[in-house]
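Here's the structure we're looking at; comments come further down.
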Amino acid sequence: MYLETTKKYLLSLLVIVLLVTSSNSQSKVLKSLEMQSELLKTTVRYSVYLPHGYESAQENYPIVYLLNGFTGNETDWISQGQLKTVVDQLIKGNKIEPLVIIMPDGDDRLYMNKDDGTYPYEDMFIKEFMPFVESTYKIKSDKKFRGISGLSMGGAGSLRLALKYHDLFGACAGFSSGISTEEQLMVESQKSFDDYFGRISPSVIGATGEDRITEAIREYNLFQLIETKPAEQLKTVKIYFDCGDDDFLAIGNSTLHIQLLKKGIPHEYRVRDGGHTWNFWIQSLPIGLEFISDTFRSGNKKL
């Protein structure tokens, strides 16, 4: 009787251990965590994807910052973008390296500093958020193991931050990036223009025609950055971006492609069937992550 009871106890214990081990080894998504920002004088929310085996791993992981679009937040890629399923399948199929993905709340700030100095979101991201994240999680804090990506507002943000801070990022992938030509901006509806660009430049609210094209708007739109920054620096970042053929941002993205071609900057640009929708971005995510992961893998080969 005692022997039988002992066997049952040990079997139950083994099942519990296996369940706990299995649970701990699965990938995890943690939503709406917080960092206190001294620069913004508020908390910044973010979500994180941790790969299978993260808790027990001794090594550090590559990182991708994944940015949301306008009116979105730090949970969009999880709730609408099928992030966990997509990334799990990519890692399982050896399409990408196991990695940590950080999704900050873009707060509708275009990932830029407000030009009146009252809300330096970009400074917060570079000077506070990235150091906080990379000291909190098991991260390879090296350019060749750091990527950035995003959709729409976040697509423009990922391209601009990667190219502006070329010494920090090894690769970027922008999906349906929020880029428009100056001609488009000058005729955009007043409400649409004010609601969007007023977030970073209160002085442009109500502006029309050429008066809309201020320094802040030029900086957001990437064209000036690419024109003035040395090509040798831009070439140190692997660049991917795409856009749907029915997207209202297709002209701006195609213009960016042409500008990069003229300056001789290597990049990959793709036009696919689709519009400004989650269906398009869910298809873009694995393409962009595989593109970025190629940088991680080439970095590993050099170690």
Side-chain angles (χ1 to χ4, degrees), residues 31-48 65-81 83 101-130 132-133 148-162 164-165 172 174-180 184-185 188-207 212-222 241 243 247-249 252-253 275-278 280-281 284:
K31 295 194 291 186
S32 300
L33 307 176
E34 293 185 346
M35 180 205 76
Q36 184 64 39
S37 169
E38 295 298 323
L39 288 172
L40 301 185
K41 297 179 175 54
T42 187
T43 56
V44 176
R45 296 189 309 276
Y46 70 98
S47 297
V48 57
Y65 293 90
L66 187 59
L67 311 183
N68 62 264
F70 194 61
T71 73
N73 61 40
E74 76 285 354
T75 67
D76 280 10
W77 277 107
I78 300 166
S79 61
Q80 301 185 69
L83 177 122
I101 298 178
I102 300 292
M103 295 155 276
D105 178 14
D107 196 24
D108 290 347
R109 303 291 176 162
L110 284 57
Y111 303 97
M112 293 180 65
N113 294 333
K114 200 170 182 179
D115 67 356
D116 62 4
T118 61
Y119 204 84
Y121 185 99
E122 180 180 325
D123 287 349
M124 176 281 299
F125 186 91
I126 298 296
K127 298 177 181 179
E128 290 184 326
F129 186 70
M130 287 178 59
F132 165 78
V133 163
I148 187 167
S149 182
L151 68 89
S152 195
M153 178 187 79
S158 65
L159 293 169
R160 194 182 69 84
L161 289 172
K164 183 174 181 179
Y165 300 97
C172 58
F175 315 135
S176 309
S177 300
I179 303 167
S180 301
Q184 287 179 298
L185 292 179
E188 185 174 342
S189 76
Q190 196 68 53
K191 185 178 188 317
S192 174
F193 183 85
D194 290 352
D195 287 351
Y196 194 72
F197 290 106
R199 302 290 294 179
I200 58 163
S201 184
S203 63
V204 302
I205 295 177
R212 291 178 169 181
I213 312 303
T214 64
E215 186 60 29
I217 305 308
R218 288 193 179 97
E219 181 181 354
Y220 169 82
N221 240 3
L222 268 172
F241 60 107
C243 196
D247 198 313
F248 66 97
L249 294 167
N253 279 265
H276 208 70
T277 67
W278 274 106
F280 186 87
W281 303 323
S284 293

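What you see below is based on every heavy atom in this structure, not just the backbone, and it leaves out hydrogens, waters and symmetry mates.
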Minimum heavy-atom separation for [X] to [Y], with atom names?
{"X": "Asp115", "Y": "Ser203", "answer": "OD2-OG, 4.2 Å"}
{"X": "Ser176", "Y": "Cys243", "answer": "CA-SG, 4.3 Å"}
{"X": "Ile102", "Y": "Tyr46", "answer": "CG2-CD1, 4.2 Å"}
{"X": "Gly174", "Y": "Ser158", "answer": "CA-OG, 3.9 Å"}
{"X": "Phe193", "Y": "Glu188", "answer": "N-OE2, 3.5 Å"}
{"X": "Asn68", "Y": "Pro104", "answer": "OD1-O, 3.0 Å"}

Rounded at 0.5 Å granularity, tell me how far [atom1] in [X] sits from [atom2] in [Y].
{"X": "Ser47", "Y": "Asp105", "atom1": "OG", "atom2": "CG", "answer": "9.0 Å"}
{"X": "Phe129", "Y": "Leu39", "atom1": "CZ", "atom2": "CG", "answer": "13.5 Å"}
{"X": "Arg218", "Y": "Ile213", "atom1": "CZ", "atom2": "CD1", "answer": "7.0 Å"}
{"X": "Arg109", "Y": "Met112", "atom1": "CZ", "atom2": "CE", "answer": "13.0 Å"}
{"X": "Ile205", "Y": "Asp195", "atom1": "CD1", "atom2": "CG", "answer": "8.5 Å"}
{"X": "Ser37", "Y": "Glu128", "atom1": "OG", "atom2": "CD", "answer": "3.5 Å"}

Verdict with supporting geometry, Ser152 and Phe70, side-chain contact (heavy atoms from CB on, under 4.5 Å): CA-CA 7 Å; Ser152 195; Phe70 194 61; 5.6 Å; no

Checking [Y] against [X]: is there a side-chain donor and acceptor pair closer than 3.5 Å?
{"X": "Tyr196", "Y": "Asp108", "result": "no"}
{"X": "Glu122", "Y": "Tyr165", "result": "yes"}
{"X": "Asn113", "Y": "Asp123", "result": "yes"}

Can a salt bridge be assigned to the pair Arg45 and Glu74 using a cut-off of 4.0 Å between side-chain N and carboxylate O? yes

Is the shortest side-chain N to carboxylate O distance from Glu219 to Lys164 below 4.0 Å?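 A salt bridge links Glu219 with Lys164.
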
So do the side chains of [X] and [Y] get within less than 4.5 Å of each other, counting heavy atoms only?
{"X": "Met103", "Y": "Val48", "result": "no"}
{"X": "Ile200", "Y": "Tyr119", "result": "no"}
{"X": "Trp77", "Y": "Leu67", "result": "no"}
{"X": "Lys31", "Y": "Ile78", "result": "yes"}
{"X": "Met130", "Y": "Tyr65", "result": "yes"}
{"X": "Ile217", "Y": "Leu185", "result": "yes"}
{"X": "Phe241", "Y": "Ile179", "result": "no"}
{"X": "Lys114", "Y": "Pro120", "result": "no"}

Evaluate the ring-ring contact (aromatic ring centres under 6.0 Å, His included) criterion for residues Tyr121 and Tyr111: first the C-alpha distance (whole Å), next the side-chain angles of each, then the deciding distance (0.1 Å), finally the verdict. CA-CA 6 Å; Tyr121 185 99; Tyr111 303 97; 5.6 Å; yes

Side-chain donor or acceptor of Asn253 paired with backbone N/O of Ser177 under 3.5 Å: yes

Any donor-acceptor pair under 3.5 Å linking the side chain of Gln184 with the backbone of Leu249? no

Derivation and outcome, side-chain contact (heavy atoms from CB on, under 4.5 Å), residues Glu38 and Lys127: CA-CA 10 Å; Glu38 295 298 323; Lys127 298 177 181 179; over 6 Å; no

For Leu66, the option from Asp76, Leu83, Leu151 that meets side-chain contact (heavy atoms from CB on, under 4.5 Å):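 Of Asp76, Leu83, Leu151, side-chain contact (heavy atoms from CB on, under 4.5 Å) with Leu66 is met by Leu83 alone.
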
Distance under 6.0 Å and angle within 45° of the ring axis: does Arg212 meet both against Phe197? no

Give a yes/no verdict on a cation-pi contact between Arg160 and Tyr220, requiring under 6.0 Å between NZ or CZ and the six-membered ring centre and an angle within 45° of the axis. no

